[in-house]
Amino acid sequence: MSARTHTRSTHPATGSVEVRLPWWAVALPAIGFAALLLLIVGSGEAHAATTDPAVGRLLERIMTLMAR
């Protein structure tokens with residue numbers, strides 16, 4: 001049984017490839033980049049968060065239970 005072979009096209013190659021992207025393929029990375037840039041720029045005004053003492057006691061309890 002013989003297999004069919006593909007023949008080359010007689011159309012000459014144009015030398016350029018046209019690629020069309022959907023709008024979200026450009027918009028989403030741009031929005032992500034802008035959000036990360038805003039996080040970096042705004043980090044100079046960051047302050048340490050105050051925690052509830054109960055959270056510290058809970059973490060100490062977990063650490064002692066894991067140490068046993």
Side-chain angles (χ1 to χ4, degrees):
M1 180 177 224
S2 62
R4 195 181 285 187
T5 59
H6 296 286
T7 59
R8 287 190 170 177
S9 175
T10 57
H11 302 294
T14 59
S16 66
V17 177
E18 183 180 337
V19 177
R20 295 190 54 141
L21 293 175
W23 65 269
W24 52 265
V26 176
L28 289 179
I31 291 170
F33 177 77
L36 290 175
L37 187 63
L38 287 174
L39 285 174
I40 291 171
V41 170
S43 66
E45 300 173 6
H47 301 286
T50 59
T51 59
D52 188 21
V55 175
R57 283 183 275 161
L58 177 64
L59 291 175
E60 286 180 23
R61 176 69 61 116
I62 292 171
M63 294 292 282
T64 56
L65 288 175
M66 291 177 62
R68 290 186 184 178

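Please read these numbers as outputs of a predicted model, since none were measured by experiment.
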Check: Members other than Leu65 in its cluster, when Ile, Leu, Val, Met, Phe, Trp, Tyr link by side-chain heavy atoms under 4.5 Å?
Finding: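 Listed partners: none, Leu65 stands alone.
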- prompt: What's in the same ILVMFWY side-chain cluster as Leu28, cut-off under 4.5 Å, chained through other members?
  reply: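 Members other than Leu28 - counting any ILVMFWY side chain reachable under 4.5 Å - are Trp23, Trp24.
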### Message
As an exercise, state the distance from CD1 of Ile31 to CG of Leu36, rounded to the nearest 0.5 Å.
### Response
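Going from the CD1 atom of Ile31 to the CG atom of Leu36 covers 12.0 Å.
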